Amino acid sequence: MDIFDVFLLEAVLNGLLLGGILALLALGLNLVFGVIDVVWICYAEMIMIGMYAVYYLHNVYHWPLWLAFASAIAIVALGGAALHHLVIRPVLAAEPINQLLVTGGVLFFLQAAATLVFGVEFRNLGIRLPQLQFGEMYLSMARLIAFGVALAAMIAMSVFLKRSYLGTAIRAISQDRQIMPLMGVNPNRIFLVTSALGGALAGVAACLLVLQYDIHPAIGLSFGPITFLICVLGGLGNMMGGFIAAFIFAQFISVGGFFLHVEWGYVLAFLFFIAVMFWKPQGILGGK
Amino acid sequence: MLVLENVSAGYGSFQALFGVSLEVNAGESVAVIGPNGAGKTTLLRVISKLINPTSGEIRMEGRALTRVPAYEVISRGIAQVPENRRLFPRLSVQDNLKMGAYLPAARAKFAERLEMVYTLFPRMKERHAQLAGTLSGGEQQMCAIGRALMSGPKLLLLDEPSAGLAPVVVQAIFEVVRRMSAEGYTVLIVEQNVRQVLKVVDRAYLLETGRIKSSGNSAELLSNEEIRKAYLGL
Amino acid sequence: MKYAALALLAAAPLLGMGNYPLHLLILCLLWACVYTSWSVMGRLGMVSFGHGAFMGIGAYVVVMGWNHYGLSPWIGTPIALALAAAVAFLIGYPCFRFKIVGHYFALVTLALSEVTRLIIVALRDQTGGSLGVTPKTALADVSYSLNALQFSSKLVWFYVILAFWLGGLWIWKKVDESMGRLALEAISQEEDAAASIGINVTKLKLGVTILSALMTCMGGVLYAQYQLYVNPDTVSGIGISLQMVFGVIAGGMFVRLGPTVGAAFTLLLAEGLRLWFGNQYHGLDLTVYGLMLVLFIIYMPKGILGAASGALEKRRMVRAGA
């Protein structure tokens, strides 16, 4: 095999692995949007909080890693519920754009608060996972784990949504919010639970990202925008669409970055996004 | 079973109900008839607490309903089939029925009641995996009634079950209502289709511009000159 | 009274103002320019998260032209403006044509500002990447260079930027006059209704967008020339784009001086907190700022000036009623 093609294949496979984690990122955001109709602009900052939680619990307080992970997920889940209760609920009746902006304010707040509390230094867990060799290709173990966990989390989520009463209510509430009380459902409670679930997914993402990236207060900016675009590309609130869009984006980034520089991969992905918006403004799977 | 005393309600500055009093006894089927815009739907929305009464008392089995939030009304044994059916269009028929059994007490009896609904509406069993939005109007109405029955209600509220349906389907729906009251369900039904509904209920109230104008058993109302003129075209 | 206030503002630097307060005043006016530019379209319901793109184009095109091709900012600026207008057209036309509004519009424009930031970073050999870049100085032996648009005197900058700020307010007024209140409100609220009374919504929105982009681009040019340093994060990307939106919200986007009040408020808040708590609490100012933004949007969505003038109006009406 031509060496060039091996590297290209490596890029494609790495893109596939990246797609898994991007899909997980998109899932939480889509879940929240689908149910509550609000985009958490501060979603990536919630993940940042989760990453710091893992770092502090594991490296500073020396908790075992699994416990640090579990706690971080719980912390971000609580954060999601708190975000809804304190910030979103008061503006639910306001203009949609205010809901978008208020979470943007939270973005500023979390980013600055992290700077204040944790400082601007880059931190990492100090765990180095090996590179796996397949023939002439190298794949990152951390990415492979992230891919597997992301896939498992998504399957668990879809089973939950399909099978459980709460999951069915979450799917139902996005279709007709007003009559939910007739079913005995308290919509506020569903919103709170959904926000906690969205937070928990952000927490899972945090655990996976902390294995691959350094933590710093502005880390959210490096994957926040891409997550929004994936969700819009797939049709906001459309989880299947988000899933597919994540893999498309990941290929642009990975293969584009292979031919050019990694930023150009992102530029290509973003331009592709803009182009698609003109072709199908409702997203690739948008029906309406 | 259900008692309304002097209930007034409205939307913002618009008042739709003026001191409405009515009563539904256990095992009875009662209709509220009246022209469009008389406040019939508002009446059911007040009972379900989707809107709060501005004054008056609502009691279910002797306990006040007035301060109960909407999502707790169903646990008192009141289930509503809303106007225009309002199914979840992108959920399957069975998931819609599942939503009807959302209450913890109802979940335990899900399988049993599902069987009961499927016996009542064999059509629903055939279509259980189909998205509710793709059902025909009559099937949707059956699904909506089935969804309300899944909570095992003591009192069933039906809001214009015949609206927008073909005459032959309307007949079928009223046949269902008749069967349910024969089986002992307590039913409060709001209808514009006066002639049909008076054939299946025991008693009825006439609601006009937010006020109860008259009431009586079905036979009485059917022979009432005014009602015959205004609503039966005779 | 309006003119007296303006005269006072114009005379302020001559009344023995220190260098640092003057610097703050200039920055305040500069951001007021940019925020006003954003509001020209933002108040019509087109909430853009992408104005960092236009500011970045203004700042970088001019600096790159000067550093690499020796192009005077007098030539660089029209090129930057043309580019900004073209980008605004490319993004605006399909958006308004296909009625991409609300969340979708915000997120599409957000993509635009990120693309701009990433392109600047990716061209690191020319732009210096995320470290930023300094325009080659023309002030080695002189105190000003008109050709390079560089002035060592802050006073000059004060009057230049004051002029642009006034220009921005004037444009706002002209937009109001030429479109008429009715058309403005019609396109922001009831697009279909506006179309039915014969308003070409797409064309109007596009025009306003291009205007707003041009003004923002100009702000970017001035920012780069005044600060003599640009960096992709301070002139493009999501951070700066959001900062614009929030500055405007703090002040109030439906009142002409709202964005200016927002700029003054955010700048004073940041500086005040910094002076108060000192520099050791890095991030404190932005933490408080973020918290205030959230509170603003929840409790005072019309902004400081909007809320104040609303309250005044109410009092006036009560008095008139009594």
Side-chain angles (χ1 to χ4, degrees), chain A residues 30-31 33-37 84-85 89 92-94 157-195 197 234-243 282-288, chain B residues 41 44-45 47-52 68-108 110 129 131-133 140 144-153 156-159:
Chain A
N30 266 331
L31 177 70
F33 182 84
V35 173
I36 312 175
D37 240 0
H84 181 78
H85 191 72
R89 216 178 37 126
L92 267 184
M157 180 56 89
S158 88
V159 169
F160 164 76
L161 288 176
K162 279 243 148 62
R163 296 289 162 82
S164 73
Y165 279 91
L166 202 56
T168 310
I170 285 174
R171 283 185 296 145
I173 201 169
S174 61
Q175 300 178 26
D176 195 332
R177 197 182 285 190
Q178 280 128 15
I179 65 151
M180 290 312 280
L182 295 183
M183 311 290 127
V185 179
N186 177 357
N188 274 329
R189 211 181 135 248
I190 297 288
F191 286 173
L192 218 54
V193 170
T194 305
S195 301
L197 270 177
L236 270 176
N238 185 332
M239 297 185 207
M240 199 61 213
F243 187 78
Q282 302 300 335
I284 44 177
L285 288 191
K288 288 187 276 183
Chain B
T41 291
L44 289 196
R45 290 173 69 88
I47 296 171
S48 304
K49 301 310 300 298
L50 287 175
I51 59 172
N52 277 316
V68 169
Y71 54 86
E72 278 180 13
V73 169
I74 190 170
S75 62
R76 297 286 186 91
I78 303 178
Q80 185 179 347
V81 180
E83 194 180 18
N84 301 324
R85 309 178 273 276
R86 299 288 285 271
L87 293 175
F88 301 108
R90 295 186 302 284
L91 292 190
S92 68
V93 167
Q94 190 158 332
D95 278 347
N96 267 279
L97 296 176
K98 191 166 150 191
M99 281 310 298
Y102 186 81
L103 284 184
R107 292 181 197 182
F110 176 73
L131 294 187
Q140 287 194 11
I145 294 174
R147 183 175 66 177
L149 291 178
M150 287 301 289
S151 65
L156 187 66
L157 308 177
L158 290 164
D159 195 346

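Chain letters run A, B, ... following the sequence lines, proteins first and then strands; every chain starts at 1. All figures in this text were calculated on a predicted structure; none of them were measured in a lab.
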Could you check whether any side-chain heavy atom of A:Met183 comes within less than 4.5 Å of a side-chain heavy atom of B:Ile74, counting everything from C-beta outward?
no
Using a cut-off of under 4.5 Å on heavy-atom pairs, state which of B:Ala101, B:Ser151, B:Ser92 scores highest against chain A.
B:Ala101
Counting heavy-atom pairs under 4.5 angstrom with chain A, the leader among B:Leu103, B:Val81, B:Asp95 is B:Asp95
Minimum-distance pair of heavy atoms, taken over all atoms of A:Gln178 and B:Leu50
O-CD2, 4.0 Å
Is it true that a side-chain atom of B:Lys98 and a backbone atom of A:Ala169 form a donor plus acceptor pair closer than 3.5 Å?
no
Quick check with a 6.0 Å cut-off and a 45 degree axis cone: is A:Arg171 positioned over the face of B:Phe88's six-membered ring?
no
Is B:Arg147 close to chain A through its backbone or its side chain, or both, or neither, when contacts mean heavy atoms under 4.5 Å?
side chain
Chain A: which of B:Glu72, B:Gln80, B:Lys49, B:Met99 shares the most heavy-atom pairs with it under 4.5 Å?
B:Met99
Between B:Tyr71 and A:Val185, which heavy-atom pair has the shortest distance, and what is it?
CB-O, 3.3 Å
Tell me, for B:Leu91 versus chain A, whether the close heavy atoms (under 4.5 Å) come from the side chain, the backbone, both or neither.
both
Is a donor on one side and an acceptor on the other found under 3.5 Å between the side chain of A:Gln175 and the backbone of B:Arg90?
yes
Based on non-hydrogen pairs under 4.5 Å, which of B:Pro89, B:Ala106, B:Pro69 is most in contact with chain A?
B:Pro89
Measure across B:Pro82 and A:Ile179 and return the closest heavy-atom pair with its distance rounded to 0.1 Å.
CG-CG2, 4.5 Å
Rounded distance (nearest 0.5 Å) linking atom CG of A:Leu182 with atom CD1 of B:Ile78:
11.0 Å
Mark yes when over 12 heavy atoms from residues, nucleotides or ligands other than A:Arg189 sit less than 6.0 Å from its CZ; otherwise mark no.
no
